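Owing to the predicted nature of the structure, the values given are computational and were not obtained by experimental measurement. Each chain gets a letter, A, B and so on, in the order its sequence line appears, and its residues count up from 1.
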Number of protein chains: 2
Amino acid sequence: MKGIRQLAENLDISIGTVSRALNGKPDVNEETRKRVLAAAEELGYVANQSGRSLRQGTTNAIGLMIESNKETVENSDNFFLGLTGGLQSVFSRHKLDLVMLPCPSDEDPYEYLKRMVARRVVDAMIISATQRIDRRIDLLVKAKIPFVALGRSSSGGNHPWIDLDFEGVAASAVARLVAKGHRKIAVAAPSSDINLGYIFVDAYRQALERHGMKYDPKLVIRVKSSEQGGYQAGHELLLLDSKPTAIILIYELMAIGLYRRLMEAGVVPGRDLAVIGFREEPRAKFLQPALTCFRMSLRDLGVELAETLLAAMPAYANFYPKGAHNTIWPLELVPGESDAFSLEP
Amino acid sequence: MKGIRQLAENLDISIGTVSRALNGKPDVNEETRKRVLAAAEELGYVANQSGRSLRQGTTNAIGLMIESNKETVENSDNFFLGLTGGLQSVFSRHKLDLVMLPCPSDEDPYEYLKRMVARRVVDAMIISATQRIDRRIDLLVKAKIPFVALGRSSSGGNHPWIDLDFEGVAASAVARLVAKGHRKIAVAAPSSDINLGYIFVDAYRQALERHGMKYDPKLVIRVKSSEQGGYQAGHELLLLDSKPTAIILIYELMAIGLYRRLMEAGVVPGRDLAVIGFREEPRAKFLQPALTCFRMSLRDLGVELAETLLAAMPAYANFYPKGAHNTIWPLELVPGESDAFSLEP
DNA sequence: TTGCCATAGGAAAACGTTTCCGGAAAGCAG
DNA sequence: CTGCTTTCCGGAAACGTTTTCCTATGGCAA
């Protein structure tokens, strides 16, 4: 005999009562509850999750889906691990466990998610790296699995999401450069199929126009968000007919490759070209001259993600009365040397 | 009605037969099996994992425990994500899913593991960052949960583990430096409480003695495995009475801090001091002069870990007849400029 | 025809838990 | 003492599977 039955046997109490005692149900004498808890501690009894889940239809676990394709592994760095701190700090208050579900690189993320959802191994999901059209979102909506997306998407109608403040970053970066006299500002961004690539460049365009400047598609360099992409961006920038005097990078890791290409051509960042990076990245921390960039706390972002998710789960509605909602996550400017010079006389 | 019952209803077949058909059991007509599979595909039916686990006593999931304390987040970089690629490639062949279980930073890893084990949410575990005395190992042995440890430990008797070839690296690094005429070789390592700190320094001592050199405890600088630790190591190195001409770093990230401290003192790495790093680390990739270091493939290590684990699981014994075993994982030398000079005339 | 074996599939138990329901005991007001 | 409420607990059903056991059917040999 095992499990709760064993425990009940030892205490000479019915299993129903043991269960109620352990789960803090009201209909149980405080005296017996103490005995049960003591015995459970003594025997190291913890309820079998499968039995529990089966009966309750709930797993007490939240899934964080991770797409570990090659690019993610290269780029995401400690991104997910950084998030988990914030996520856990919220979840643990509700006795929820976080499980990270890494999608195999040779499997379609949609199919993987579908399997995980169907298996009912978690109660809710956190997905990231959303696409503009993202079937995963439709799937989760249809399956009625609570979820939160890190990244906007036009799929799925009105679902909870958090996204970085691309508009704010673009506006801030452009304003900063314009104030220093720059009039030809390039941007290196991924393809507009990627949400980030689309939204950021649009925000950049609007920021330019607010300053009465003309948007020039030639100054938008489409490359991958990687070191190689940065090198490529540097290369294409040098080939432009009318040279820009500044460039905004959508991901700070690109700066490493960009610097390298520029150095090869004898162009010195921070003197001949102003450079601003988007998201702070440890690997780029040691560049000379230090990169001006935008920073955010992964931990805080994790907390916000967790709370947004719980707010979308009926069972936690009373804790987070705000309900399902969306958030634009602000980033903080960290001034460096890479854009310190001014073109004004 | 839901699940397999619904499916059986639709097909006008008993649920037992449906289950057998889906699980590839022999006692079912090929014709009906086809019908069942088609209907399952059609309806998107996937067996509920809780029901399955409860009945079978198995979860078809392998847990990878992650300790995401602050230091891990800072240092691990893409370590775990890099591993998952290799892990998944093996597990997916056996229809096993990998779940990453991040231990909350404010919870004792031992208690966390205990909870996960008791909940029976995975069939087997992978643990890492083992201590010389590691209660987790005793726990897993006692609970009879198959596991593999990344890192040696004196706990738990004869259990499966994989560890990096510290001896090989120490021998290779020392031999290389000695060949270039170095006679005073320092090493920067963490406290000997940490397994790594203990074993590596011991291997270093043996390597020295094989070359007929004397082990000098003063040349062992105990610092944290981080950038700050590297800076600290540089600082302490400069204070030594008899200056070493070379230093071996136990973790490459330390090189960043070390370089910084050396530069401040006008000591040029690769000219005034030879530097060799241990494990390749993307963030240190951009140092000048390029660091000589030892590299390994995280993916391959993941494959080996997965196979070692499966070999320790009775259910997979026929696939991996080797059974439980241990492996010393070799690393490959990547020559750089940081130790290129020679002291010989 | 009879008997036997192989094949296919149905019925039901079992996994470990939670929760609903009902009932005993005790307390209390009249 | 009676009737009603409250407190506490035991019994049993239910969650969705897999698996064991058993039966029905058909084929085949004697």
A:Tyr112 side-chain N/O to A:Met65 backbone N/O, donor-acceptor pair under 3.5 Å: no
Could you tell me how far apart A:Asn29 (CG) and C:dA24 (C1') are, to the nearest whole angstrom? 15 Å
Say whether B:Ser153 and B:Gln131, considering side chains only, have a donor N or O and an acceptor N or O under 3.5 Å apart. no
May I ask you to decide if B:Gln88's main-chain N or O and B:Arg93's side chain share a donor-acceptor pair within less than 3.5 Å? no
Can you check whether B:His325 and B:Tyr320 have ring centres sitting under 6.0 Å from each other? no
Base, sugar-phosphate, or nothing for A:Ser53, non-hydrogen atoms under 4.0 angstrom? nothing
State whether the side chain of B:Asn326 and the backbone N or O of B:Trp161 hold a donor-acceptor pair below 3.5 Å, judged by distance alone. yes
Strictly below 4.0 Å, heavy-atom distances to any atom of DNA chain C: list the hits from residues 33-44 of chain B, or just say none. none
Is it the case that over 12 heavy atoms from other parts of the model lie below 6.0 angstrom from the CD atom of A:Glu9? no
Tell me, for nucleotides 16-25 of chain D in 5' to 3' order, what letter each nucleotide earns: B for a base near a protein heavy atom under 4.0 Å, S for only sugar-phosphate near one, - for neither? BBBBB-----
Is there any salt bridge (Lys or Arg N to Asp or Glu O under 4.0 Å) pair reaching into residues 143-161 of chain B, and which pairs are they, with sequence neighbours excluded? B:Arg152-B:Asp163, B:Arg152-B:Glu167
Exam field: side chain A:Asp134 to backbone A:Ser155, donor-acceptor pair closer than 3.5 Å: no
